[in-house]
> 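Okay, handing you the structure first.
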Amino acid sequence: MDTSTQSPTRAAELLDAVGPAFSRLRRSAALNVEKKVPRKDLTRTLVLNIVQEGPGRDGQEITVGVVGERLAVDPSVASRMVSDCISCGYLVRAASQHDGRRTILQLTDEGEKMLAGFRKHQRSAYERITRDWPDEERLEFARLLIKYTDSLAALQPSTEPE
């Protein structure tokens, strides 16, 4: 939508509605559109995605502390989340290549499979939610959502542990 052709009032109303829309999106069960995903698996994918995304800056390794920082949770919560993923066989602990005293996290083949299945589920949900949209709008929204999250990531201060 071209906001330059919108009245200033309408443009302001649209922009003011973005925050509440994000809140509804976060609260919604959008990923459970076709088939319910267990809450534990949703939580596990948060951790696995962070490990798969890898370092946020050169030389940084993914540790329990980094998981906690990226999820904005207490270290004890991050530790329990990581331990759960390890006990399910999705992650393993390994020695850091930079500091042998530090333990880093790595995805297992099972973790990779779990994420691949979840990505397939996410795409299916997106396609179902937007099934009545014109293809151009569906693809443009996907492009803009990715651009938005990339811009958001670029604005985040580098507060992750060394």
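These values consider heavy atoms only, across backbone and side chains, with no hydrogens, waters or symmetry-generated copies.
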> Under 4.5 Å between side-chain heavy atoms, hopping through other hydrophobics if needed: is there a path connecting Leu46 to Val77?
yes
> List the residues meeting side chain to side chain contact (heavy atoms under 4.5 Å, CB included) with Pro134, not counting sequence neighbours, and say none if there are none.
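Pro134 satisfies side chain to side chain contact (heavy atoms under 4.5 Å, CB included) with Glu136, Glu137 once adjacent residues are dropped.
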> For Arg123, I'd like to know if atom CZ has over 12 heavy atoms of other residues, nucleotides or ligands within 6.0 Å.
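Counting neighbours around CZ of Arg123, 12 or fewer heavy atoms of other residues, nucleotides or ligands fall under 6.0 Å, so no.
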> Report the distance from atom CD of Gln122 to atom OG1 of Thr45, rounding to the nearest 0.5 Å.
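Between Gln122 CD and Thr45 OG1, I get 7.0 Å after rounding to 0.5 Å.
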> Is there a side-chain contact between Met114 and Thr108 in this structure, where contact means two heavy atoms from C-beta onward sitting under 4.5 Å apart?
no
> Which atom names give the shortest non-hydrogen contact between Arg138 and Glu127, and what distance separates them?
NH2-O, 3.0 Å
> Can you pull the salt bridge (Lys or Arg N to Asp or Glu O under 4.0 Å) pairs that have at least one residue in residues 107-117, sequence neighbours excluded?
Glu110-Lys113
> Would you compute the distance between atom CE of Met81 and atom CZ of Arg44 and round it to the nearest 0.5 angstrom?
10.5 Å
> Measure the spacing between CG of Leu71 and CD1 of Ile50 and express it to the nearest 0.5 Å.
3.5 Å
> Taking the side chain as everything from C-beta on, heavy atoms only, tell me whether Ile62 gets closer than 4.5 Å to Arg70.
yes
> Apply side-chain contact (heavy atoms from CB on, under 4.5 Å) to Asp84 and Tyr90, showing your working.
CA-CA 9 Å; Asp84 176 61; Tyr90 299 142; over 6 Å; no
> List the atom of Val64, the atom of Pro75, and the distance in Å for their closest heavy-atom pair.
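Shortest heavy-atom contact: CG1-O, 4.4 Å.
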> Kindly say whether Ala95 contributes a backbone atom to a donor-acceptor pair with the side chain of Thr103 at under 3.5 angstrom?
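It does not hold such a pair.
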> Nearest 0.5 Å please: distance from the CG atom of Leu91 over to the CD1 atom of Ile86.
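These two atoms lie 6.0 Å from each other.
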> Could you check if a side-chain atom of Ser7 sits within less than 4.5 angstrom of a side-chain atom of Glu13, using non-hydrogen atoms only?
no
> So, taking the atom named CG in Leu107 and the one named CG in Leu115, what distance separates them when rounded to the nearest 0.5 Å?
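Output value for this atom pair is 6.0 Å.
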> Kindly indicate, with the supporting measurements, whether the criterion side-chain contact (heavy atoms from CB on, under 4.5 Å) is fulfilled by Tyr148 and Leu144.
CA-CA 6 Å; Tyr148 180 88; Leu144 290 172; over 6 Å; no
> Nearest 0.5 Å, what's the CG-OG1 distance between Leu14 and Thr9?
11.0 Å
> Are the side chains of Arg93 and Leu105 in touch, meaning some heavy atoms are under 4.5 Å apart?
yes
> Hey, can you tell me if Trp133 and Phe141 have their rings parallel, tilted or perpendicular (30° and 60° cut-offs)?
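Ring orientation, 0 to 90° scale: perpendicular.
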> Are Ser124 and Lys120 side-chain neighbours, meaning at least one heavy-atom pair lies under 4.5 Å?
no
> Just wondering, do Lys147 and Asp150 contact through their side chains at under 4.5 Å, heavy atoms?
no
> Can you name the residues that form a side chain to side chain contact (heavy atoms under 4.5 Å, CB included) with Arg101, not counting sequence neighbours?
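Side chain to side chain contact (heavy atoms under 4.5 Å, CB included) check on Arg101 returns Asp99.
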> side-chain contact (heavy atoms from CB on, under 4.5 Å) between Asn49 and Arg119: does it pass, once the steps are laid out?
CA-CA 10 Å; Asn49 278 318; Arg119 295 271 187 309; 2.6 Å; yes
